[in-house]
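Taking it in order: structure first as structure tokens, then the write-up.
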Amino acid sequence: MSNQQEKLGFSKKSSGVVLKDVTKIFQQPDTGKDFVAVDHINLNIHDGEMVTLLGPSGCGKTTTLRMISGFEYPTSGNVFIGERDVAKVPPNKRGISMVFQSYALFPHLNIWENIAYGLKVAKCSQEEVIRRTDAVVEMMQLTGFERRFPNQLSGGQQQRVALARAVVIEPSVLLFDEPLSNLDAKLRESMRDELRALQKRLGITSLYVTHDQSEAMAISDRVVIMKDGVICQEGSPAEIYEQPNSRFVANFIGKANFIDGTFRGLDGQAALVEVGGKTISIPAPGRMAGVQKDGPCCLAVRPESILLSAQEGQLPGRVSRATYYGAKVEYEVMLGDQPIIVEVYNPQLTERFAEGDEVHMTLIDRCVRVLA
Ligand code: ATP
């Protein structure tokens, strides 16, 4: 149990969550046809871990979250919270709390009553309700707001109340469904940091759903990327960004260039890839699934992993656009007829180029992945 948990008088330990071969099929109301929203997924969220489901709209994130919460039952497969198979257990018996985009506060109850509500439903003693509610009010910096009603608070404050209400009942798992989507960009960033700090302090196992990739990167121990109802890749934010296993993931998280080439074989661990008549050695090419010797492949490279020089480099190009952003200059460089995006940070310290300049690009080889 963490210090903060002890301070709040938390008695329960949080639990891991396991999804085993979980599928959800919906019958489409318009056509009557079956639609596979979640397709045989396996996921293991460790005790105290913060995992984010990330993916484009319709990929099955919310359906997965709803199967853990109990608002949806899987068509097949098992959902475990701790040791318990909860696939058929209703939401209020699962020991979970949910935080929604819409806050879902009771408008007729004041802030203190909103936070205390779950403890009263759980039939805690009056003394315990007061002690725990007061502790969470203080922890969430809501002191002074207790007697206000939800419509007398800002969006950020309301979301803090929603979070307070979720944690006060000592859930073994916290589920977040796009909780920050209603907030403006600046507040979203500070709430994100606050939420992450709270989750770490309390050590509650958490699953977070978003389609905002920077939010996912900033908040998670592990990011799970979904597409069309399946998990395409999971890993720490750094693994996902630095070692994407497909063009989809490379493109979905951050920006990526895909430079077409031909795979010429291995030199020890390094992959030899021919691009524009030159052979480039890539020391850590990744798994290279689906790449055949002498077959087509691509080099996935981030815009900040390409160096530009007027004098020399691996690949010649011509600048077709230069956009100054202060912290960086973003260039579009034509490699033949393929536009390559290059980002150069600290522009004061580096050579500058203008539209029409002939340049040479050098790929920072250890940052390049070889994909099919
Ligand atoms: P978003 O980011 O837009 O919220 P998502 O990844 O959370 O998307 P889901 O809400 O899980 O996606 O939906 C996955 C697919 O399942 C979608 O194509 C959706 O239309 C479909 N779907 C979800 N709920 C139902 C339902 N009750 N009946 C029929 N189809 C559904």
Side-chain angles (χ1 to χ4, degrees), residues 17-45 50-79 81 86-91 94 96-104 155 159 162 166 173-185 188 191-192 195 205-220 222-235 237 240 244-254:
V17 176
V18 175
L19 301 185
K20 259 195 181 155
D21 208 20
V22 169
T23 292
K24 179 68 188 180
I25 299 174
F26 289 114
Q27 202 179 47
Q28 297 303 68
D30 36 359
T31 60
K33 286 191 181 149
D34 282 354
F35 176 80
V36 183
V38 173
D39 196 357
H40 296 279
I41 68 167
N42 289 288
L43 182 62
N44 197 343
I45 308 171
M50 176 80 154
V51 169
T52 299
L53 295 181
L54 179 67
S57 187
C59 69
K61 307 179 293 286
T62 307
T63 305
T64 304
L65 185 92
R66 286 171 64 80
M67 288 191 284
I68 297 171
S69 68
F71 291 117
E72 234 28 288
Y73 289 153
T75 309
S76 62
N78 304 87
V79 177
I81 295 181
V86 294
K88 301 282 180 225
V89 176
R94 292 191 179 199
I96 50 125
S97 274
M98 265 186 100
V99 181
F100 301 93
Q101 178 178 345
S102 60
Y103 320 133
Q159 195 51 295
V173 179
L174 255 177
L175 301 173
F176 295 94
D177 191 1
E178 307 241 9
L180 306 181
S181 300
N182 281 350
L183 306 178
D184 69 48
R188 206 175 158 135
M191 277 299 289
R192 178 185 84 189
L195 201 154
T205 309
S206 300
L207 184 68
Y208 193 98
V209 161
T210 182
H211 47 233
D212 180 325
Q213 49 140 314
S214 48
E215 201 163 290
M217 300 286 275
I219 216 162
S220 321
R222 196 148 48 97
V223 179
V224 174
I225 312 272
M226 291 184 73
K227 185 187 176 209
D228 298 334
V230 299
I231 293 175
C232 341
Q233 189 170 356
E234 54 182 280
I240 295 280
N245 64 11
S246 66
R247 291 190 196 216
F248 170 75
V249 172
N251 224 1
F252 194 73
I253 298 281

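We count ligands from 1, going down the list as the structure has it; atoms in each ligand are counted the same way.
- Ligand 1 is surrounded by Phe26, Gln28, Phe35, Ala37, Pro56, Ser57, Gly58, Cys59, Gly60, Lys61, Thr62, Thr63, His211, each with at least one heavy atom closer than 4.0 Å.
- In this model, no donor atom of one side chain and acceptor atom of the other lie less than 3.5 Å apart for Thr23 and Asp21.
- Separation of atoms OG (Ser246) and CZ (Phe252) is listed at 11.0 Å; rounding is to 0.5 Å.
- Donor-acceptor pairing under 3.5 Å is recorded for the side chains of Tyr208 and Glu215.
- Lys61 and Asp177 are not joined by a salt bridge, as no carboxylate oxygen comes within less than 4.0 angstrom of a charged side-chain nitrogen.
- With Arg192 contributing its side chain and Ala218 its backbone, the two residues share no donor-acceptor pair below 3.5 Å.
- Atoms CD1 and CD, on Ile45 and Glu234 in that order, are 9.5 Å from each other to the nearest 0.5 Å.
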